[in-house]
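In this chain, numbering begins with 1 at the start of the sequence shown.
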Amino acid sequence: MNGFFCELKRRKVYRVAAAYGVVGWLIIQFSVTVFPALTLPAWAARFVIILVLGGFPIALILAWAFDFGPSGVETTPEIASTEETAECPSTFSARRKNVFYLAAFGLAVALVGGYFLIPRASARKLDKSIAVLPFDNFSADPENAYFADGIQDDILTNLARIADLKVISRTSVMPYRGQKHNLREIGKALNVGTILEGSVRKEGKRVRINVQLIDASNDKHLWAQIYDRELTDVFAIQSELAHEIASALKATLSPDERQRMEKKPTANGEAYLLYLQAHELFSRPDRHHDDVARVEALYEKAIQLDPAFALAHARLSHVESWSYYAIEPIAARAEKARTAANNALQLQPELPETHLALGYVHYYIDRDYDRALSELAIARRGLPNDGGVFRAMAAIQRRQGKWAESTGNYTRAVSLDPNDAILLENMGMNYLAERDYANAAKIFDRAVKAAPETFTIRELRARVDFYAKGDLGPMQQLLASMPENVDPNGTITLARYNLKMLERKFDELIGILERSPAEKSRGETSAPISKAFLLATVYAVKKDEARAKASYEEALVGAERAVRDSPEDGPRRALLGLIYAGLGRREEALAEGKRAVELLPEAKDAFDGPILVISRARISLMCGEVDNALALLDRSLQTPAGVTIHELRLDPVWDALRADPRFQQMLAKFGGKP
């Protein structure tokens, strides 16, 4: 054996073995730590370990047989029998046996290493991510479905308070309601390691909740429990559930998280049921504006039953703030939102939803973005897994012109709510505003897949092709597939108007508008756009002055009333300015256009502000101020959310500029064909 060890040294096998061991160990460490983070399958790390260990005896044999010399890789020279010394006796005679010993040693090391390392790679660290699927309603009364949804949503909210978990939001799990669950596919689609599913049976004042926690990678049950309690104990059940799930996933709960989960929102069971109905209705992605009145009434009735119900006050404030922003920007609604938020603050200042409500008041009503973000930061500490907080932060940041930060927070929100089509729509609108059409198309494609029947999302996807390439084909195909007599909120009518204007099919457009059941539409701002205004615009580009004037006068009545109702609303001022310009009331039109951008300048709102700049450019052009119109358009082309080159190239509202060489130079400068 002395000769064998002497040969190992001479042939540098020791060195190769040491180097291979170091490099192989690093490769194995990388595979067992990084592969799971990349969501690669467990067999990938095992495969790497087998390759590394299997290569060890091969590396030893190659080191024995070859060496690096002046000419590169060379066969290791043998020691002739005449050169054998006392240090390396019997080397020549035992040469074949030595190679066998070497191979056997390398194989033994590989087997021992595999014994210890492969189980380590196979042992999967429990993923602290969870999706709570919609609970089945096993109650005799199908109307109790809202109660099952409410229990699921409250469990989600409790879990969302645990910073050590990743919790998928409600919208992304609701599509799995009533389906046979392939949990592995759901886990992969939502990128979670565990899934909670269950059922709820409510009979009178008794509640039975059956839940089970499942490993999404192998369908293995990690934990299951049945709760059979009085309705008044439902909060204790939810708190218990959250603790059990956190324990099963080995998640750490801070004292504050534990305290929040154990606090009952109300002691009044009837108030809680009303709250669940309201919250379920407002959380629907397909809610209509008409549903808001019912949601308001349910929250208000819950508060009458329990005036100390802080969570109901906070949720009511959110509804009022959103309604002020999206439907009716009037002082009375703003006051209701502010009062409800302040009531929640007095009752439970530590409640995260209270600060979320205050954030919405500052955002939607006050447009005080710094204060809104401060309140949302407090809410985020209490709701670290709530995608709605990240969504609100992203919406505010884009109005501040912080596009990268906004998109980053939308990305975080999407990671918690990957199937929320409205969330994806908002993220896509960021890319659209920044003219990043490739990424906009990808995100809108995901949104369309999540909600294939939602017209607004499909229309935005078609708009990408128009903005990017001037291609009207996708928009034409979309609208050709839509029935003309169905349009509850005017969205489809407005899309048809935009398309036919770009196609210059004015007579066809007039017929569409006259047949449309929608008397008003809502565009990209808070201004209600009447059918009369759209008709007036078409008649104006057709040079039919008499009909244009009659339609503008009809539109004026509603526009002036809208401004009286909300005199500080910039979009309503801009619409009124366009009508005044159409009626030849030049000074009033210019004043309204100026007032609109003063109320909502780009510096105050980088998302909606640029739209008002475009309106002001139109007003300036209609009033004969061509220089000002050109200057505004030139700036708008260089501003996120501003006008696009293909809109200028095709929209007939800019026809008065087409003969101006400066307009042609502008088109050429930004890549548009004359």
Side-chain angles (χ1 to χ4, degrees), residues 321 324-335 338 361-373 395-403 433 522-530 533 537 552 555-556 558-643 647 653-654:
S321 296
Y324 176 91
Y325 169 76
I327 304 174
E328 194 179 27
I330 60 174
R333 197 173 284 282
E335 185 59 31
R338 205 180 309 278
V361 169
H362 295 317
Y363 166 38
Y364 284 140
I365 298 171
D366 302 332
R367 292 188 181 269
D368 187 338
Y369 300 141
D370 290 334
R371 287 184 70 189
L373 287 173
I396 292 169
Q397 286 165 333
R398 72 178 172 192
R399 295 186 187 279
Q400 293 178 311
K402 299 175 181 177
W403 295 98
R522 194 170 297 276
E524 296 171 311
T525 67
S526 56
I529 304 171
S530 66
F533 172 75
T537 307
Y552 275 129
L556 180 63
E560 287 183 329
R561 181 172 57 248
V563 169
R564 283 196 301 272
D565 290 343
S566 186
E568 302 300 304
D569 186 62
R572 295 186 178 206
R573 291 278 185 183
L575 181 61
L576 182 59
L578 287 167
I579 295 171
Y580 282 152
L583 289 170
R585 295 163 64 169
R586 183 176 181 278
E587 298 305 321
E588 292 167 288
L590 293 172
E592 291 297 340
K594 182 173 181 288
R595 180 63 177 149
V597 297
E598 288 173 347
L599 286 167
L600 196 63
E602 291 173 325
K604 189 174 182 179
D605 190 334
F607 192 61
D608 282 350
I611 299 172
L612 302 191
V613 172
I614 300 169
S615 295
R616 190 181 185 191
R618 279 183 63 183
I619 292 169
S620 296
L621 180 61
M622 293 169 74
C623 293
E625 294 201 350
V626 175
D627 292 348
N628 191 43
L630 286 168
L632 290 168
L633 291 175
D634 186 79
R635 177 183 166 192
S636 183
L637 281 165
Q638 302 173 69
T639 304
V643 72
E647 287 177 296
V653 300
W654 308 113

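Between Leu632 and Ser620, the closest side-chain pair of non-hydrogen atoms falls below 4.5 Å. Annotation: side chain of Glu647 is not in contact with side chain of Val653 (no heavy-atom distance under 4.5 Å). The shortest side-chain heavy-atom distance between Arg572 and Pro528 falls under the 4.5 Å cut-off. The closest side-chain heavy-atom distance from Leu590 to Arg616 is not below 4.5 Å. Side chains of Leu556 and Leu576 form a contact here, defined as non-hydrogen atoms less than 4.5 Å apart. In this structure, the side chains of Leu373 and Gln400 come closer than 4.5 Å at one or more pairs of heavy atoms. Under the 4.5 Å side-chain criterion, counting only non-hydrogen atoms from C-beta, Asp608 is not in contact with Pro571. Inter-residue side-chain proximity for Pro329 and Glu568 is flagged as unmet; no heavy-atom pair is nearer than 4.5 Å.
Between the side chains of Arg399 and Tyr363, at least one donor N or O sits under 3.5 Å from an acceptor N or O. Side-chain contact of Glu560 with Tyr580: a donor-acceptor pair under 3.5 Å is present, judged by distance alone.
Using a 4.0 Å cut-off between charged side-chain N and carboxylate O, Glu625 and Arg586 make a salt bridge. The pair Arg595-Glu588 does not meet the salt-bridge criterion, since no charged nitrogen lies less than 4.0 angstrom from a carboxylate oxygen.
Between atom CG of residue Leu621 and atom CG of residue Asp627 there is a gap of 11.0 Å, rounded to the nearest 0.5 Å. Here Leu612 contributes atom CG and Arg573 contributes atom CZ; the two are 12.5 Å apart, rounded to the nearest 0.5 Å. Between atom CG of residue Leu578 and atom CD of residue Glu592 there is a gap of 10.5 Å, rounded to the nearest 0.5 Å.
Residues Leu637 and Val643 approach most closely at CD2-O, 3.5 Å, considering heavy atoms. The shortest non-hydrogen separation linking Ala606 to Ala641 is O-CB, 3.9 Å. Residue Glu602 comes nearest to Gly609 through the heavy atom pair CG-C, 3.9 Å, listed as atom of the first residue, atom of the second, then distance. The heavy-atom pair separating Ser321 from Ile365 by the smallest distance is OG-CD1, 3.9 Å. Contact detail for Thr639 and Pro610: the closest heavy-atom pair is CG2-CG, 4.2 Å. A pairwise comparison of heavy atoms in Tyr552 and Thr537 identifies OH-CA, 4.1 Å as the closest pair.
Because its NZ or CZ atom is not both nearer than 6.0 Å to the ring centre of Tyr324 and within 45° of the ring axis, Arg333 does not count as a cation-pi partner of that residue.
Evaluation of the ring pair (Phe, Tyr, Trp, His ring centres under 6.0 Å) rule for Tyr325 yields Tyr364 as partners, not counting sequence neighbours.
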